[in-house]
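Accompanying notes for the structure given below.
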Amino acid sequence: MVQVTNSPLRTQELASKFAMRLSGGECIALHGDLGAGKTQFVRGLVRGLGGNERAVSSPTFVLLNVYQTPRFAVYHLDAYRVGGADEFEAIGFAELLEQGGVVVVEWADRVAELLPPNAIHIRLSAVSRMQRRIEFP
Ligand SMILES: Nc1ncnc2c1ncn2[C@@H]1O[C@H](COP(=O)(O)OP(=O)(O)O)[C@@H](O)[C@H]1O
Ligand SMILES: [Mg+2]
């Protein structure tokens, strides 16, 4: 499915709705350039699960953020600055996938070989200053 949103709030709302389909254990691979709206999407996802979306920030420098929600934990990773897949493995990526929470990875193509085969791929791109195209299954 492809949707075009025209504000960060709309992108968050779309993600909140998408979150209803999650049951825990999924890996969500986010694709898209800087500013495409990946982190805004995660914010909406966390809110959709009943968590505190204000806690959501880009984990670019810390690599991993964990948000608790009433349903399950959301593990938010950003592969933008990782040197390679081995660095991702070193922070325990494989173990995170087995916690029963949802693992969300920004810049997922940088660690493509580590993603589980059933990862849910979501592609975001800027159409104009305020419009984002979001493609998801
Ligand atoms: N429709 C939209 N959806 C999401 N973000 C948008 C939209 N329009 C403008 N923006 C802006 O684009 C930026 C997206 O930032 P962010 O989610 O951090 O991107 P990424 O994590 O992909 O680098 C924010 O500054 C946001 O305000
Ligand atoms: Mg980001």
Side-chain angles (χ1 to χ4, degrees):
M1 181 160 34
V2 174
Q3 297 223 351
V4 176
T5 65
N6 51 24
S7 71
L9 192 64
R10 290 283 179 226
T11 294
Q12 290 173 21
E13 285 172 358
L14 190 104
S16 293
K17 270 193 203 142
F18 173 80
M20 299 300 119
R21 292 161 43 177
L22 301 171
S23 52
E26 293 92 348
C27 176
I28 300 171
L30 297 180
H31 304 271
D33 293 336
L34 210 61
K38 301 180 293 300
T39 301
Q40 294 292 338
F41 190 92
V42 178
R43 195 160 280 154
L45 193 95
V46 168
R47 186 174 54 211
L49 294 170
N52 176 14
E53 89 257 22
R54 281 172 302 178
V56 176
S57 65
S58 195
T60 298
F61 298 102
V62 293
L63 218 52
L64 169 67
N65 287 342
V66 184
Y67 317 116
Q68 300 299 335
T69 81
R71 296 194 54 204
F72 36 72
V74 175
Y75 303 99
H76 182 196
L77 299 115
D78 192 321
Y80 186 61
R81 281 171 205 280
V82 295
D86 46 336
E87 209 175 302
F88 232 58
E89 279 179 305
I91 64 159
F93 183 67
E95 288 74 21
L96 284 184
L97 294 172
E98 291 163 6
Q99 300 304 304
V102 165
V103 177
V104 189
V105 185
E106 297 196 31
W107 294 98
D109 23 350
R110 305 210 172 182
V111 290
E113 63 265 49
L114 295 182
L115 301 174
N118 60 353
I120 302 169
H121 293 269
I122 300 180
R123 292 168 211 286
L124 300 97
S125 56
V127 177
S128 67
R129 197 174 68 84
M130 294 302 281
Q131 288 180 310
R132 299 294 184 271
R133 178 186 190 275
I134 303 172
E135 187 187 340
F136 56 101

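Each ligand, and each atom within it, is numbered from 1 in the order the structure gives. Numbers for residues simply follow the sequence, beginning at 1. Because the structure is a prediction, the values reported are computed rather than measured.
In the model, E106 has a side-chain atom that pairs as donor or acceptor with a side-chain atom of H76 under 3.5 Å.
Atoms CD1 and CG, on I134 and L124 in that order, are 5.0 Å from each other to the nearest 0.5 Å. Considering CG of L30 and CZ of F136, their distance stands at 12.0 Å, rounded to 0.5 Å. For the atom pair CD (E95) and OH (Y75), the distance works out to 11.5 Å, reported to the nearest 0.5 Å. Rounding to the nearest 0.5 Å places CD of Q40 at 9.0 Å from CZ of R132. Between the CD1 atom in I122 and the NE2 atom in H31 there is a gap of 9.0 Å [rounded to 0.5 Å]. The distance from atom CG of N52 to atom CZ of R43, rounded to the nearest 0.5 Å, is 10.0 Å.
Considering both main-chain and side-chain atoms, L34 never comes within under 3.5 Å of ligand 1 through any nitrogen or oxygen pair. Annotation: Q131 places no N or O atom under 3.5 Å from an N or O atom of ligand 1; distance criterion only.
Across Q12, R10, M130, heavy-atom proximity to atom 8 (N) of ligand 1 is greatest for M130. Between G35, A15, S7, it is G35 that holds the heavy atom closest to atom 15 (O) of ligand 1. Comparing R133, K38, R129, Q40 against atom 24 (C) of ligand 1, the shortest heavy-atom distance belongs to Q40.
Under the salt bridge (charged side-chain N to carboxylate O under 4.0 Å, His left out) criterion, R10 pairs with E13, sequence neighbours left out.
Closest to the Mg ion (ligand 2) among the N, O or S atoms of E106 is OE1.
Distance from atom 12 (O) of ligand 1 to its nearest protein heavy atom, with residue and atom name: R132 NH2, 3.0 Å. For atom 19 (O) of ligand 1, the nearest non-hydrogen atom of the protein is G37 N, 3.2 Å. Looking only at heavy atoms of the protein, atom 18 (O) of ligand 1 is closest to T39 CB, 3.6 Å. Looking from atom 26 (C) of ligand 1 to the surrounding protein, the closest heavy atom is P8 CG, 3.8 Å.
At least one N/O/S atom of T39, whether from backbone or side chain, sits less than 2.8 Å from the Mg ion (ligand 2).
Every atom of ligand 1 is numbered from 1 in the order shown, and the set under 4.0 Å from a heavy atom of D33 is 22 (O). Listed by number with element, the atoms of ligand 1 under 4.0 Å from a non-hydrogen atom of T11 are 1 (N), 2 (C), 3 (N), 4 (C). Atom numbering of ligand 1 starts at 1 in the shown order; those under 4.0 Å from a heavy atom of T5 are 1 (N), 2 (C), 3 (N).
The existence of a salt bridge linking E53 and R47 is confirmed by a sub-4.0 Å separation between a basic side-chain nitrogen and an acidic carboxylate oxygen.
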